[in-house]
Amino acid sequence: MIAAQTSMLEAASIYLPLEARILDVRPLTQLEKLYTIALPEGMSLNHRPGQFVEVSLFGIGEAPISICSSPSQSGNTFQLCVRRVGELTSALHRLEPGDSIGIRGPFGNGFPIERFRGKDMLFAPGGLGLAPARSLINQVLDERGFFGRVIILYGARHPSELLFTEELSKWEKRDDVELHVTVDRPDDNWKGNVGVITTLFQKIQVDAPNTIAVTVGPPVMYRFVLVELLGLGKGIREGNIWLSLERRMKCGVGKCGHCQMNHIYTCLDGPCFSYAQIRHVEEALS
Amino acid sequence: MKNSMVISKTSMKAWIEHLGKDFRLIGPKPFQDRYVFGEFHDAAEIDLNYPAAMLPLKKILLPQREDLIAFGKTNGKAEPVLENRPTIVLGAHTCDLHAIASLDHAFLEGYIDQHYRSRREHTLWISLECLEPCSEHAFCKDMGTLVTPDKFDLHLTDLGDDYVIDIGSERGAALLHGFDAVREAGEDDYRQFDQVMSQKWSCFPYRLEVDFTDIPRLLATNYRSVLWDELGERCLGCGACTLVCPTCFCFNVIDEVDFSLHEGKRYRTWDSCQLNEFALVAGGHDFRPSRAERLRHRFFHKYKNQVATSGLAACVGCGRCAEACIANITPMEVLNSLHRRRVASARHKQEASPQ
């Protein structure tokens, strides 16, 4: 964060992107591709898990995308998982290794991983929410000794929409990771759990006072997952439940106004919040 | 107010000519039956005795369209566009100067917006003391913006035949150097100034029934008021209120490629939280889908949330939004309605409770 601000302050404009280069493109599903990107001159992005960058193509536009690689595995590159939903992301999907793209950031606060150390980690990402969660999951796994149990509950709509399937099977094989995956609608080959993500919570017991829960997904998912995590469910304290909120963070630097929730700029004060921080913010979860 | 200067109105033309040699001049110009801030070269083009200009001075610091980056599609060119023409704004009303403080907070706190800063640093303000209300909708007296903030470089007060000039900065003082037709103010000038100033206050009405320092609390207890739904039914969601607002700063960023298809500009343009889809995200969720929610967001931002983050309300009481609203929704109506309902509900509770 500090490194990022220093470099932003040196820039002639906070809106001027760096010209970065795509090193690798890998399709993950019909809609999502994984990009490995390098900043110019071997610069490191120096991000925290949970932060995002503004990705742009001149002539088309700019959009916030969360960084899905962990700082521990980044070195001088980082990864973005891009879902094709609009004009910019469709153009991004046409790019190939060697092509350049504009990058500003990293922005936002990221997860306070240093406060999570010594705790059991319960991850509950849904759909594309696995992308930002992955930056934290891999950081935790690379510092495995600092954490207690690692539980991952992941839900997608359909088997074909599961992201990072290679990594999922790696996590599946580890005896220090408890992974449960579910899909809303199975196909003929699916042998795993069927149902929305909340159905996975009955499969696990947690030591609530010692557990940090991290959930990333759309607003409607938060409403149901929170019920499972809070007093009537697992009984995890509000301050130990962490979410990453999606907003239209057009500028990323707290100027354009699109991501305001009451007095909070999601792009500056978030996108990562504990439930305790936002439960009284009227617009946060509606 | 000591060390003030005096310029006679008959010398204004020459002074403006003098200033125009080194600066782009912006002032209130008659336009159809209204006034707009625009570039001028001759004193005859402007009228300092003007009612509120249609658009506020944010259009100088944050133009409706402002190029941010000039880019090349193929040659890797990407250069920031910074406006640095030396500019003087002549005749800013005190509320519009207060609005600059609000914009400064938005663009110069946290990450510094270099595009705004460049315009800000190259602009000098010759403001004008308001001696009578300039709009039937203005409630500057309620908002505490009837007194000039310390943002001006020079500040003029109309004494009839002369203007008294209060000097706010060294750059402002320099605008008087080498111009012989100004003189130091004498005892008579100060006496006349005090008289004009003390007479002005009674000309301005209070319009709010609630004290402006109490508005954040009034809103805090009224997030779920039915008033927002009632107003949402009337509101057309057109965004005119935010466009004419001197403190509204939200913007969108758009890329435009020129006819060569090789070069283009990334520019920002005023956006409005009142417009549909302002808070829509790529995933398809709209965080403020109804007009009632968007209108409430505007009021909460202006009178509560920005007060919490900057200490300043994002409203200077200029009344432009009230003037612009086709549905006749005004801050006075909204805030006074909330206040009246609060009073009525308190009275109701008092009567209902056993002695």
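Within every chain, numbering begins at 1; the chains are lettered A, B, ... in the order of the sequence lines, protein sequences first and strands thereafter. Because only heavy atoms are used, hydrogens play no part in the values below, and waters and symmetry mates are left out as well, while side chains stay in. The shown structure was predicted, so the numbers you read here are calculated from the model rather than taken from an experiment.
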Which one wins on heavy-atom pair count under 4.5 Å against chain A: Leu261(B), Val307(B), Val253(B)? Val253(B)
With a 4.5 angstrom heavy-atom cut-off, could you sort out which part of Glu109(B) is near chain A: side chain, backbone, both or neither? backbone
Once you round to the nearest 0.5 Å, how far does SG of Cys259(A) lie from CG of Leu245(A)? 10.5 Å
In terms of heavy-atom pairs under 4.5 Å with chain B, the winner among Ala63(A), Cys251(A), Gly59(A) is Gly59(A)
Highest number of heavy-atom pairs under 4.5 Å with chain B: which of Val85(A), Ile60(A), Thr89(A)? Ile60(A)
Salt bridge check, Arg120(B) against Asp104(B): does any charged N sit closer than 4.0 Å to a carboxylate O? yes
If one checks every heavy atom of Tyr223(B) against chain A at 4.5 Å, the contacting part turns out to be side chain
Most heavy-atom pairs under 4.5 angstrom with chain A, which of Gly72(B), Ala78(B), Ala308(B)? Ala78(B)
Got a donor-acceptor contact below 3.5 angstrom from the Thr145(B) side chain to the Val316(B) backbone? yes
Strictly below 4.0 Å, N to O, side chains only: are Glu293(B) and Arg291(B) in salt-bridge contact? no
Should Arg268(B) and Asp113(B) count as an ion pair when the cut-off is N to O under 4.0 Å? yes
Any donor-acceptor N/O pair, Tyr35(A) side chain to Leu92(A) backbone, under 3.5 Å: yes
Could you tell me if the ring centre of His285(B) sits under 6.0 Å from that of Phe287(B)? yes
I'd like to know if the side chain of Glu282(A) and the backbone of Ala284(A) have a donor-acceptor N/O pair within less than 3.5 Å. no
Heavy-atom contact with chain B under 4.5 Å, split by part of Pro218(A): neither
Check whether Leu280(B) gets within reach of chain A through its side chain, its backbone, both or neither, counting any heavy atom under 4.5 Å. backbone
Measuring heavy-atom distances to chain B, does Pro17(A) have an atom under 4.5 Å in its side chain, in its backbone, in both, or in neither? side chain
Which of Val257(B), Val81(B), Asp271(B) touches chain A most, by non-hydrogen pairs under 4.5 Å: Asp271(B)
Do you know which of Lys250(A), Glu283(A), Glu19(A) has the most heavy-atom pairs with chain B at a distance under 4.5 angstrom? Glu283(A)
Looking at Asn252(B), Leu82(B), Thr309(B), which has the largest count of heavy-atom pairs under 4.5 Å with chain A? Asn252(B)
Non-hydrogen atoms of chain A under 4.5 Å away: do they reach the side chain of Ala106(B), the backbone, both or neither? backbone
Tell me, yes or no, whether the heavy-atom count around Glu87(A) atom CD, taken from other residues, nucleotides or ligands under 6.0 Å, exceeds 12. no
Do the two ring centres, one from Phe78(A) and one from His47(A), sit under 6.0 Å apart? no
Let me know if Leu57(A) has heavy atoms under 4.5 Å from chain B in its side chain, its backbone, both or neither. backbone
Which of the residues Met249(A), His258(A), Arg83(A) is involved in the greatest number of heavy-atom pairs with chain B at under 4.5 angstrom? His258(A)
Need one label for Arg117(B): side chain, backbone, both or neither, based on atoms under 4.5 Å from any heavy atom in chain A. neither
